[in-house]
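Notes follow the structure.
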Amino acid sequence: MSEMDIMHQAAPTLAGIKAGSLFNCPYHDHQSLVEECVRMNRILVPKGIRLIPVRIMDDRVLVYIYRSKDIERILTDQKVKCLLEPYGYTNTHPTCCVAHLIHRLQQGDIFPHEVGIFFRLSN
């Protein structure tokens with residue numbers, strides 16, 4: 001995963017237009033992926049952005065990148081809480097919700113219905 005991959009695939013999130021983006025990019029080996037994610041998060045986390053590899057599929061990796069404050073704001077909406085609860089989001093802390101989303105994304109080939117909440121447009 002290169003910086004160019006991230007810029008092209010996650011531009012709306014990086015620009016603050018969307019709360020999150022999900023994209024896939026080439027995958028070569030686990031150690032390189034870990035090193036690249038650590039390197040990118042050193043740059044992104046101070047800016048309030050996190051990058052997480054979600055799922056490895058042969059030679060591709062599915063990556064979720066998100067703005068922590070935007071996800072936190074979205075999750076404070078009572079309608080969003082009501083929508084997420086039936087899907088097992090019992091803790092509304094952003095880190096817990098993102099972890100639960102990742103778990104659900106890893107469970108099968110079908111994207112969870114609630115995934116769009118984590119990509120919402122920023123206000």
Side-chain angles (χ1 to χ4, degrees):
M1 156 182 26
S2 71
E3 290 178 20
M4 291 302 289
D5 288 333
I6 295 166
M7 288 186 333
H8 284 124
Q9 300 295 331
T13 300
L14 296 172
I17 297 168
K18 287 176 58 181
S21 298
L22 191 66
F23 62 94
N24 70 59
C25 58
Y27 168 80
H28 301 291
D29 66 88
H30 185 75
Q31 185 61 34
S32 295
L33 174 64
V34 169
E35 290 170 3
E36 189 63 19
C37 288
V38 167
R39 186 181 76 76
M40 290 307 304
N41 276 316
R42 280 191 189 123
I43 297 166
L44 296 171
V45 169
K47 300 172 190 313
I49 303 170
R50 295 189 182 276
L51 178 140
I52 301 172
V54 174
R55 188 174 181 184
I56 296 171
M57 305 156 288
D58 298 321
D59 61 346
R60 312 288 295 171
V61 61
L62 186 63
V63 177
Y64 179 54
I65 186 167
Y66 66 99
R67 292 186 158 275
S68 303
K69 291 290 184 191
D70 288 344
I71 295 297
E72 184 175 3
R73 182 186 40 75
I74 289 166
L75 294 173
T76 61
D77 183 319
Q78 192 59 39
K79 290 178 185 175
V80 170
K81 288 179 184 180
C82 290
L83 185 119
L84 292 177
E85 192 173 337
Y87 297 108
Y89 295 84
T90 54
N91 183 331
T92 58
H93 187 276
T95 303
C96 294
C97 287
V98 168
H100 189 69
L101 173 67
I102 290 167
H103 173 75
R104 288 183 45 82
L105 284 164
Q106 291 173 340
Q107 285 183 328
D109 293 331
I110 299 173
F111 274 25
H113 293 289
E114 72 279 9
V115 73
I117 296 238
F118 294 87
F119 305 146
R120 276 177 62 170
L121 297 177
S122 298
N123 289 340

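Basis for what follows: all heavy atoms, side chains included, without hydrogens, waters or symmetry-related copies.
Partners of E35 by salt bridge (charged side-chain N to carboxylate O under 4.0 Å, His left out), not counting sequence neighbours: none found. In this view, Y89 and H100, F118 satisfy the ring-ring contact (aromatic ring centres under 6.0 Å, His included) rule, not counting sequence neighbours. For R60, there are no salt bridge (charged side-chain N to carboxylate O under 4.0 Å, His left out) partners, not counting sequence neighbours. Listed by chain and residue number, E114, I117 satisfy the side chain to side chain contact (heavy atoms under 4.5 Å, CB included) test with L83 (two or more places apart in sequence, or in another chain).
Of the inter-residue distances, the one linking I65 atom CD1 with Q9 atom CD reads 11.0 Å to the nearest 0.5 angstrom. Between the OG atom in S21 and the OH atom in Y64 there is a gap of 8.5 Å [rounded to 0.5 Å]. Between E72 atom CD and T92 atom OG1 the span is 9.5 Å, to the nearest 0.5 Å. One distance of note links SG of C97 with NZ of K81; it measures 9.5 Å at 0.5 Å rounding. Note: I71 CD1 to K69 NZ = 13.0 Å, rounded to the nearest 0.5 Å. To the nearest 0.5 angstrom, D70 atom CG is 12.0 Å from K18 atom NZ.
V38 and V63 fall into different hydrophobic clusters, defined by Ile, Leu, Val, Met, Phe, Trp and Tyr side-chain heavy atoms under 4.5 Å apart, directly or through other members. Hydrophobic clustering (ILVMFWY, side-chain heavy atoms < 4.5 Å, transitive): V115 and Y66 are in one cluster.
Nearest approach of P26 to V61, heavy atoms of both residues: O-CG1, 4.1 Å.
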R55 vs L105, test: side chain to side chain contact (heavy atoms under 4.5 Å, CB included). Steps then yes/no. CA-CA 8 Å; R55 188 174 181 184; L105 284 164; 5.8 Å; no
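Residue pairs meeting the ring-ring contact (aromatic ring centres under 6.0 Å, His included) criterion with at least one member in residues 34-62, sequence neighbours excluded, do not occur.
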Would you give me the side-chain donor-acceptor pairs under 3.5 Å for residues 39-52, sequence neighbours excluded?
| unit_1 | atom_1 | unit_2 | atom_2 | d |
| --- | --- | --- | --- | --- |
| R39 | NE | E36 | OE1 | 3.4 |
| R39 | NH1 | E3 | OE2 | 2.9 |
| R39 | NH2 | E3 | OE2 | 3.3 |
| R39 | NH2 | E36 | OE2 | 2.6 |
| N41 | OD1 | L51 | N | 2.9 |
| N41 | ND2 | C37 | O | 3.2 |
| N41 | ND2 | L51 | O | 2.9 |

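Between the side chain of R67 and the backbone N or O of T13 there is at least one donor-acceptor pair closer than 3.5 Å. The main-chain N or O of V54 is found under 3.5 Å from a side-chain atom of Q106 such that the two form a donor-acceptor pair.
For M57, the CE atom counts as densely surrounded, since its 6.0 Å shell holds more than 12 non-hydrogen atoms of other residues, nucleotides or ligands.
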